[in-house]
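Counting from 1, the numbers follow the sequence of the chain as shown. What you see is a predicted model, and the numbers here were worked out from it, not measured in a lab.
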Amino acid sequence: MLLQGNLSGSNGTGSDPSVFFLTGIPGLEALHPWISIPFCSMFTVALLGNVTLLYVIKTEPSLHQPMFYFLAMLAVIDLVLSTTTVPKILSIFWFNSREISFNACLVQMFFLHSFSTLESTLLLAMAFDRYVAICNPLRYATILTNSVIAKIGLAALARAVLLVVPLPFLVRRLPYCGSHVISHCYCEHMAVVKLACADTRVNNVYGIMVVLFIAGLDLMFISLSYVNILRAVLSLASKEEQLKAFGTCGSHLCAILVFYIPVVLSSTIHRFRRHVAPHVHILLANFYLLFPPMMNPIVYGVKTKQIRDRVLLFRGKSF
């Protein structure tokens with residue numbers, strides 16, 4: 001009702017081109033208060049889990065190793081992704097606060113897509129870490145030094161920023177003389193581009209190129225890393241050694257699946273959206289933002305003995 005009131009004065013087009021309106025989940029507006037319960041729960045778990053993970057890695061000297069430095073970076077990325085989008089989504093669900101300025105929309109778009117890119121690149125770096133640990137264990141400490149890890153982190157950040165920074169500028173140059181209602185919970189690139197009353201081929205082509213370049217290359221190199229890891233593991237003499245080697249990769253494989261499966265599903269549904277209800281695509285897009293930040297600390301906490309023991313010790317001291 002409030003959305004209709006907000007838009008009725010402007011016919012959904014608005015004389016002020018700097019103001020846009022987010023719909024939330026189209027077709028499920030009446031259920032927003034109920035949908036907010038799992039959203040808020042997942043957001044809370046993501047915040048607590050990733051902050052705890054960062055605290056444990058910082059305070060436990062035995063975790064000052066390459067794999068855990070990468071894991072700390074992953075926790076920071078997940079925190080940024082969650083806090084960039086979920087508070088606004090919850091404000092839509094709870095307070096019907098759908099208005100967003102164009103500049104705020106562009107900032108959200110940049111952080112959303114750049115940190116999603118950064119997470120994909122970091123998962124590739126973690127695959128390289130596991131490759132070195134299993135295929136070249138004697139050289140692990142000399143290859144992945146602190147300076148090398150810092151350079152990998154900076155290179156991943158530079159790659160994400162350079163690839164994504166053109167998006168808000170390409171979106172800003174477009175005229176928006178029609179509807180200002182974004183059929184989404186947040187300012188996703190293509191959801192905003194659809195509102196432009198001009199040729200958007202440059203935006204479409206660049207968006208597809210970025211997705212193919214990031215997901216395509218990263219998945220290809222991750223797959224190559226694990227092919228070599230599999231060969232090295234199968235060459236080990238005993239089953240016990242093989243299981244131990246596979247165990248060191250289990251958490252990372254779970255993180256890859258948790259990140260990429262929603263991406264692939266969301267992308268597939270987006271391509272065939274004519275045959276899928278809009279709310280299904282929006283719910284899956286939100287799942288992609290909420291699920292990995294919630295699951296990553298749980299997966300690594302359960303599967304990594306050092307983290308699990310430290311968390312249990314911390315909880316014991318608290319009580």
Side-chain angles (χ1 to χ4, degrees), residues 12-14 17-27 81 84-85 88-89 98 100-121 124 156-220 259-289 292:
T13 59
S18 65
V19 177
F20 285 80
F21 299 91
L22 295 161
T23 61
I25 302 176
L81 279 174
T84 297
T85 53
K88 181 60 182 177
I89 293 171
R98 303 170 189 262
I100 186 169
S101 71
F102 189 41
N103 288 333
C105 190
L106 293 177
V107 169
Q108 187 187 64
M109 182 190 300
F110 171 75
F111 276 96
L112 168 66
H113 292 297
S114 60
F115 276 82
S116 296
T117 301
L118 187 54
E119 181 156 355
S120 177
T121 309
L124 171 59
L157 180 62
R159 180 200 191 207
V161 170
L162 290 174
L163 285 173
V164 175
V165 78
L167 288 182
F169 289 100
L170 289 172
V171 170
R172 177 179 279 280
R173 73 181 178 85
L174 296 171
Y176 298 91
C177 47
S179 173
H180 288 176
V181 180
I182 302 171
S183 297
H184 217 300
C185 292
Y186 52 83
C187 292
E188 192 268 335
H189 173 243
M190 288 310 300
V192 178
V193 169
K194 287 177 187 175
L195 303 181
C197 50
D199 187 356
T200 61
R201 278 179 294 182
V202 173
N203 297 71
N204 296 336
V205 170
Y206 186 77
I208 292 170
M209 286 175 59
V210 168
V211 169
L212 291 175
F213 182 75
I214 296 165
L217 278 182
D218 291 356
L219 278 174
M220 182 181 72
F259 180 78
Y260 280 108
I261 287 177
V263 170
V264 172
L265 288 175
S266 181
S267 178
T268 303
I269 288 176
H270 183 71
R271 296 290 176 270
F272 300 99
R273 59 185 179 272
R274 291 180 183 176
H275 309 289
V276 179
H279 66 266
V280 174
H281 178 239
I282 304 301
L283 282 171
L284 190 57
N286 282 284
F287 180 78
Y288 156 65
L289 281 181

Would you please test Arg173 and Asn203 for side chain to side chain contact (heavy atoms under 4.5 Å, CB included) and show each step?
CA-CA 10 Å; Arg173 73 181 178 85; Asn203 297 71; 3.1 Å; yes
Neighbour count above 12 (heavy atom, 6.0 Å) for Met209 CE
no
Could you tell me the separation between the CZ atom of Phe20 and the CG atom of Leu195, rounded to the nearest 0.5 Å?
6.0 Å
Whether the side chain of His113 engages the backbone of His189 through a donor-acceptor N/O pair (distance < 3.5 Å, no angle test) should be reported.
yes
Could you tell me the separation between the CG atom of Leu289 and the OG1 atom of Thr85, rounded to the nearest 0.5 Å?
4.5 Å
With rounding to the nearest 0.5 angstrom, report the CG to CD1 distance, Leu163 to Ile214.
5.0 Å
Interatomic distance, Ile25 atom CD1 to Leu283 atom CG [nearest 0.5 angstrom]:
4.0 Å
Looking only at heavy atoms, what is the nearest atom pair of Leu81 and Phe111, with distance?
CD2-O, 4.3 Å
Nearest 0.5 Å, what's the CD-OG1 distance between Gln108 and Thr84?
7.0 Å
Partners meeting disulfide bond (SG atoms under 2.5 Å apart) with Cys187 (sequence neighbours left out):
Cys105
Under 3.5 Å: donor-acceptor pair, side chain of Ser101, backbone of Val19:
no
Sequence neighbours excluded, which residues qualify as salt bridge (charged side-chain N to carboxylate O under 4.0 Å, His left out) partners of Arg172?
none
I need the Met190 CE to Leu167 CG distance, nearest 0.5 Å.
10.0 Å
Heavy atoms of Asn286 and Cys185 approach each other most closely as ND2-SG, 3.5 Å
What do the steps show when you test Leu174 against Val192 for side chain to side chain contact (heavy atoms under 4.5 Å, CB included), and what is the final call?
CA-CA 10 Å; Leu174 296 171; Val192 178; over 6 Å; no
Flag side-chain contact, heavy atom, 4.5 Å: Ile182 against Thr23:
no
Minimum-distance pair of heavy atoms, taken over all atoms of Leu118 and Ala160:
N-CB, 3.9 Å
Quick one, Phe110 and Val107 - any side-chain contact, counting heavy atoms below 4.5 Å?
no
For the residue pair His184 and Tyr186, categorise the inter-ring angle as parallel (less than 30°), tilted (30 to 60°) or perpendicular (more than 60°).
tilted
Exercise: identify the closest heavy-atom pair between Arg98 and Gly24:
NH1-N, 4.2 Å
Examine distances only and state if a side-chain atom of Ser120 and a backbone atom of Ser116 form a donor-acceptor pair shorter than 3.5 Å.
no
